[in-house]
Amino acid sequence: MAKGQHTAKNIGRNTKNLLNYPRAGVSGWTRFLPSIRVLVVGGLSLVIALCVAFAVGYAATDIPEPNLEATGQTSTIYYSDGKTPIGQYKVEDRKSVQIDEISEPMQKAAIAAEDTSFYENRGISIKGLSRAVVGVATNQYAGGGSTITQQYVKNFYLTNEHSLDRKIKEMFISLKIDQQQSKDEILANYLNTIYLGRRSYGVEVAAQNYFDKPASELDVSESALLAAMIQRPGAADPSDNPEMYEDRFNYVVKNMVDEGFITEEQAAKVEMPEVRKQNKESSLSGQKGYMWDFVRREALRKLDIDEAQLDRGGYNIVTTFDKDRMKAAEKAIKTLPQDQPEGMQAGLVSIDPDDGGIEAFYGGKNYLDQAFNASTQSHVQAGSTFKPFALVAGLENGVRLTDSYPGSSPTTLDNHGTPWPVKNFGNTSYGPVSLLKATQSSINTAYAALNVQVGTDKTIDAATRAGVSPNCTEKEKKTGNTGGCTLDMDPANPSTVLGVSSVKPLDMASAYATFASNGVHHETHSIKKVTKGAEDEEVFKAETKGKRVFDKAVGAETSYALSQVVQGGSGSYAQNLGRPAAGKTGTTTGNTAAWFSGYTPNLATSVVLYREVDGKQLSIGAYGGRSEVTGGSFPVQVWTDYMKQALQGEKVEQFPARGELPDKPKPSNTNEPVAPNPEPKAPSGSDDGSDGEDESPETKAPIEEPTKEPDDEADKGKEEDADKGKEEDADKGKEEDAEADGDGTESDAAGGESPAANDDPDERDGAAENGGDGTDKADDDKSGGGLGNGGNSNDGED
């Protein structure tokens with residue numbers, strides 16, 4: 001071999017590569033064992049690679065938007081006191097609170113149960129993370145080992161998916177969250193997102209559901225039990241099987257001792273707490289469901305949000321509903337005789353005239369059995385409760401309570417060139433009567449003449465300004481979307497004044513609340529204010545200023561006239577209230593409905609009874625020992641009973657003094673009585689609310705003592721009403737119902753005919769369409785029923 005060749009061969013054998021691997025100069029299999037150099041370089045390379053990967057992963061991982069389920073919070077509605085809950089809107093039952101609203105024992109118990117190193121770690125547990133990675137890789141992931149921060153991140157930002165990708169994201173987000181939020185913020189957020197059974201998300205809801213107290217009041221034993229449930233919240237209900245959580249409960253208490261959160265002595269006294277039984281009754285039973293539904297509709301409209309936003313928004317809604325008055329309304333309705341015919345409905349709406357807030361209503365016996373609200377969704381013919389709108393229109397246009405109108409029956413009126421035959425109930429003739437007497441006795445011929453004088457359009461205008469919804473359009477009637485309008489309020493039909501229109505009881509209460517506030521209308525509402533989130537940020541507040549829609553003197557004069565209905569007319573039972581009151585009865589032809597709408601200066605309430613079967617309103621018929629139900633019977637009794645309870649302890653207020661009415665040209669009355677009787681002037685110093693000032697009959701009506709017609713037995717009827725129609729008086733009451741008594745008459749059938757809008761010859765009080773025959777019926781406690789059904793039921797919208 002040449003020398004040069006040998007040298008080259010040795011050089012190749014002796015040259016070492018960078019890592020000296022396989023190791024030079026070592027023979028056999030040991031030459032493949034890594035050298036120290038390989039181990040050091042490899043280890044450093046791995047560390048560098050991991051650091052680079054970590055840095056890239058940390059930088060590339062953004063904190064995502066919270067998931068919808070975690071951020072959704074229960075919205076709660078409250079009575080007007082702002083403290084007593086009515087119900088909730090929710091997908092899940094969840095309510096977030098601040099850390100200072102969670103008791104210290106609850107905070108410590110959660111740490112003892114889930115992460116004893118919470119205040120020391122940086123958001124992750126390497127041990128727990130490693131165990132999770134191995135578990136995922138081997139498909140044997142059993143959970144556990146995560147820090148409180150990691151659990152919060154999983155609940156709030158991620159999902160329960162068992163994947164390596166999710167676990168890595170959880171790690172990076174937890175590290176970032178630990179840098180951005182304080183430990184108190186993380187702990188509060190965690191306790192607000194955990195699930196604790198009974199559909200309870202968050203410790204606040206769980207505290208209420210299990211212990212009927214807020215999270216701020218949880219003691220050590222209660223806190224330890226809830227902390228024990230975090231790991232297995234659905235294992236059992238602790239009120240039924242507390243033993244399911246006993247071992248974990250003891251574990252939590254022991255850890256609390258080990259961590260110095262409680263002493264040995266304190267731990268020795270800790271026992272499993274008493275847990276209240278789960279309420280299996282529906283939260284929407286009775287009247288609560290009606291309030292829940294009504295407020296929900298209003299909230300969606302006023303807040304301009306959709307249902308998902310309401311159910312997850314965490315709104316705190318304070319309503320105008322007064323808890324005591326709601327109970328009073330239900331109690332008053334329950335005083336009605338129990339032998340009710342099929343389809344009998346009762347509605348009651350009570351409104352604060354100072355701000356338009358609904359203080360109380362009665363929707364039906366039970367929302368779960370009948371979701372349709374008889375007070376806010378039904379359409380019922382108004383009967384003579386509609387007449388005061390013509391009174392207002394007249395007073396605004398130069399008419400005075402002393403003006404004379406025809407009271408004879410039958411009377412054929414001149415309806416702008418078209419004969420309009422009208423007669424009073426029982427065909428009773430009064431002769432010429434003042435407008436005050438016509439109001440007190442609900443005389444149809446007089447009010448029909450007044451309506452012709454001022455115009456049906458002005459009567460309807462007064463009604464809508466007061467609070468009655470506008471007339472339904474053809475499109476609304478065709479589509480059934482009649483929740484925000486009134487049926488059959490036709491300006492071309494003069495019988496509108498006699499109550500052929502079908503209105504919602506809510507609207508009628510709103511209109512009479514305008515009378516009670518002396519001509520100022522306030523928007524009817526059930527929501528006082530709305531706040532959002534744990535910070536109670538105010539997002540809505542009801543407008544309660546109101547708008548003047550009637551002149552003050554017109555309002556005072558209207559209240560004076562309507563007070564005479566109580567003092568000596570069809571609503572005389574309301575005198576039992578024992579304070580100034582005004583109102584109007586109403587009874588429909590065919591006895592399909594009976595009303596009393598009335599008010600004091602501080603509360604307005606409408607009560608209606610009607611009967612509806614398969615969408616059609618039918619005659620109530622004989623009921624409660626009476627041959628027919630009239631506005632002056634059960635409705636005024638229910639009204640008085642409710643108002644007594646509702647106004648208990650309230651200051652007695654007087655109606656405003658009558659003043660100078662608007663000086664406007666009086667429309668020509670083409671139906672003046674042939675021989676008007678002179679009306680006496682009010683005696684000097686009479687107690688008429690005018691403080692003894694001289695009154696001109698051209699401006700103010702004289703005080704008229706209630707008069708009685710020859711067949712009148714009002715006092716006896718009043719006593720019978722107080723006894724609520726005892727059996728021994730039933731026959732006498734039936735006869736009295738068929739008589740005109742001077743306390744409340746409304747025409748029965750014009751010219752002996754009563755063509756109703758639904759072609760039932762027995763219905764509608766002035767129902768002749770397009771100004772034809774009109775019918776109305778006496779609505780006092782001894783009169784028969786009046787107006788028929790008003791057509792379609794509401795579609796259910798408010």
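Note that CG of Asp369 and OG of Ser285 are 9.5 Å apart. Values are rounded to the nearest 0.5 Å. Going from atom CD of Gln287 over to atom CD1 of Ile86 covers 11.5 Å, rounded to the nearest 0.5 Å. Atom CG in Asp355 sits 15.0 Å away from atom NZ in Lys545 (nearest 0.5 Å). Note: Ser75 OG to Ile305 CD1 = 7.0 Å, rounded to the nearest 0.5 Å. Rounding to the nearest 0.5 angstrom, the gap separating the CZ atom in Arg325 from the NZ atom in Lys331 is 15.0 Å. The structure places NZ of Lys327 at 11.5 Å from CD of Gln645, a figure rounded to the nearest 0.5 Å.
Put simply, the side chain of Phe294 reaches to within 4.5 Å of the side chain of Phe361, judged on heavy atoms. When side chains are defined from C-beta on, Tyr190 counts as touching Ile230, because their heavy atoms get closer than 4.5 Å. Annotation: side chain of Asn602 is in contact with side chain of Glu650 (closest heavy-atom distance under 4.5 Å). Between Thr320 and Ile351 there is no side-chain heavy-atom pair separated by less than 4.5 Å. Using a 4.5 Å cut-off on side-chain heavy atoms (C-beta onward), Ile317 and Tyr89 make contact. Residues Trp292 and Ile77 meet the side-chain proximity criterion, which asks for heavy atoms closer than 4.5 Å. Taking the side chain as every heavy atom from C-beta outward, Lys108 and Glu259 never approach each other to under 4.5 Å. Counting heavy atoms from C-beta outward, Glu204 and Glu101 have side chains that stay 4.5 Å or more apart.
Between the side chain of Thr193 and the backbone N or O of Asn189 there is at least one donor-acceptor pair closer than 3.5 Å. In terms of modelled atom types and a separation under 3.5 Å, the side chain of Asn192 and the main chain of Val97 share a donor-acceptor contact. Between the Ser200 side chain and the Arg198 main chain, a donor and an acceptor come within less than 3.5 Å of each other. Between the side chain of Tyr152 and the backbone N or O of Ala188, no donor-acceptor pair lies under 3.5 Å. Side chain of Ser103 to backbone of Met106: a donor-acceptor contact under 3.5 angstrom is found. Between the side chain of His522 and the backbone N or O of Pro353 there is at least one donor-acceptor pair closer than 3.5 Å. Side chain of Gln181 to main chain of Asp178: no donor-acceptor pair is present (N/O by atom type, distance under 3.5 Å, no hydrogens or angles). Formation of a donor-acceptor pair under 3.5 Å by the Gln150 side chain with backbone atoms of Thr147 is found in this model. Glu298 contributes a side-chain N or O that, together with a main-chain N or O of Ile527, makes up a donor-acceptor pair within less than 3.5 Å.
Shown here are the side-chain hydrogen bond (donor to acceptor under 3.5 Å, both in side chains) partners of Tyr245, two or more places apart in sequence or in another chain: there are none.
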Handout entry: Derivation and outcome, side chain to side chain contact (heavy atoms under 4.5 Å, CB included), residues Val253 and Ile262
Key = CA-CA 8 Å; Val253 174; Ile262 59 175; 4.2 Å; yes

Problem - Working for side chain to side chain donor-acceptor pair (under 3.5 Å), residues Asn255 and Tyr251 - result: CA-CA 6 Å; Asn255 277 5; Tyr251 168 82; 3.2 Å; yes

Exercise for the section: Evaluate the criterion side chain to side chain contact (heavy atoms under 4.5 Å, CB included) for residue pair Val539 and Thr531; output intermediate values, then yes/no. Expected result: CA-CA 5 Å; Val539 296; Thr531 59; 6.0 Å; no

Exercise for the section: Verify salt bridge (charged side-chain N to carboxylate O under 4.0 Å, His left out) between Glu307 and Arg297, making sure each step is shown before the conclusion. Expected result: CA-CA 9 Å; Glu307 292 192 292; Arg297 296 169 188 267; over 6 Å; no

Exercise for the section: Show your working on side chain to side chain contact (heavy atoms under 4.5 Å, CB included) between Thr319 and Met291 and close with a plain yes or no. Expected result: CA-CA 9 Å; Thr319 73; Met291 290 186 282; 5.9 Å; no

Handout entry: Full working for side chain to side chain contact (heavy atoms under 4.5 Å, CB included) between Ser146 and Lys154
Key = CA-CA 10 Å; Ser146 296; Lys154 179 187 69 175; over 6 Å; no

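Glu330 and Lys334 are joined by a salt bridge, as a carboxylate oxygen and a charged side-chain nitrogen come within less than 4.0 angstrom of each other. Ionic pairing of Lys323 and Asp81 is not present here: no N-O contact between side-chain nitrogen and carboxylate oxygen is shorter than 4.0 angstrom. One finds a salt bridge joining Asp93 and Lys90 here, because a Lys/Arg side-chain nitrogen approaches an Asp/Glu carboxylate oxygen to under 4.0 Å. Using a cutoff of 4.0 Å between basic side-chain nitrogens and carboxylate oxygens, Asp240 and Lys277 are scored as salt-bridged. Between Arg296 and Asp311, at least one side-chain N (NZ, or NE/NH1/NH2) sits under 4.0 Å from a carboxylate O, which counts as a salt bridge. Here Lys532 does not pair with Glu537 in a salt bridge; the nearest charged N to carboxylate O distance is not below 4.0 Å. Asp258 has a carboxylate O that lies under 4.0 Å from a charged side-chain N of Lys254, or vice versa, which qualifies the two as a salt bridge. Electrostatic pairing of Arg248 and Glu114 counts as a salt bridge here, judged by a charged N lying under 4.0 Å from a carboxylate O.
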Can you give me every donor-acceptor pair (side chain of residues 213-221, partner residue at least two apart or in another chain, under 3.5 Å) with its distance?
residue : atom : partner : partner atom : Å
Lys213  : NZ   : Glu222  : OE1          : 3.2
Lys213  : NZ   : Glu222  : OE2          : 3.2
Asp219  : OD1  : Ser221  : N            : 3.3
Asp219  : OD1  : Ser221  : OG           : 3.1
Asp219  : OD1  : Glu222  : N            : 2.9

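Nearest heavy-atom pair across Glu359 and Met326 is O-CG, 4.2 Å. Minimum heavy-atom separation, Gln107 to Ile102: NE2-O, 3.0 Å. Nearest heavy atom pair, residue Arg276 against residue Ser239, reads O-CB, 3.8 Å. The nearest pair of heavy atoms linking Asn316 to Asp536 is ND2-OD1, 2.9 Å. Contact record, Asn373 with Gly363: OD1-CA, 3.2 Å, taken as the closest heavy-atom pair. Shown here for Asp641 and Ala332, the closest heavy-atom pair between the two residues is OD2-CA, 3.8 Å.
Side chains of Gln98 and Asp100: a donor-acceptor N/O pair is absent below 3.5 angstrom, by distance only. Between the side chains of Glu120 and Ser117, no donor-acceptor pair of N or O atoms lies under 3.5 Å. The closest side-chain donor-acceptor pair between Thr605 and Tyr642, if any, does not fall under 3.5 angstrom. Under 3.5 Å, the side chains of Asp115 and Gln151 contain no donor-acceptor pair of N or O atoms.
Residue Val318 forms a side chain to side chain contact (heavy atoms under 4.5 Å, CB included) with just one option from Lys541, Lys529, Lys83, and that option is Lys529.
Between Tyr195 and Tyr201, the angle of the ring planes lies from 30° to 60°, which puts this pair in the tilted group.
Proximity of the aromatic rings of Tyr79 and Phe321 is defined here by a centroid distance below 6.0 angstrom, and this criterion is not met. The aromatic ring centroids of Phe540 and Tyr315 lie 6.0 Å or more from each other.
For the pair Lys183 and Phe118, the cation-pi test (distance below 6.0 Å, angle within 45°) is passed.
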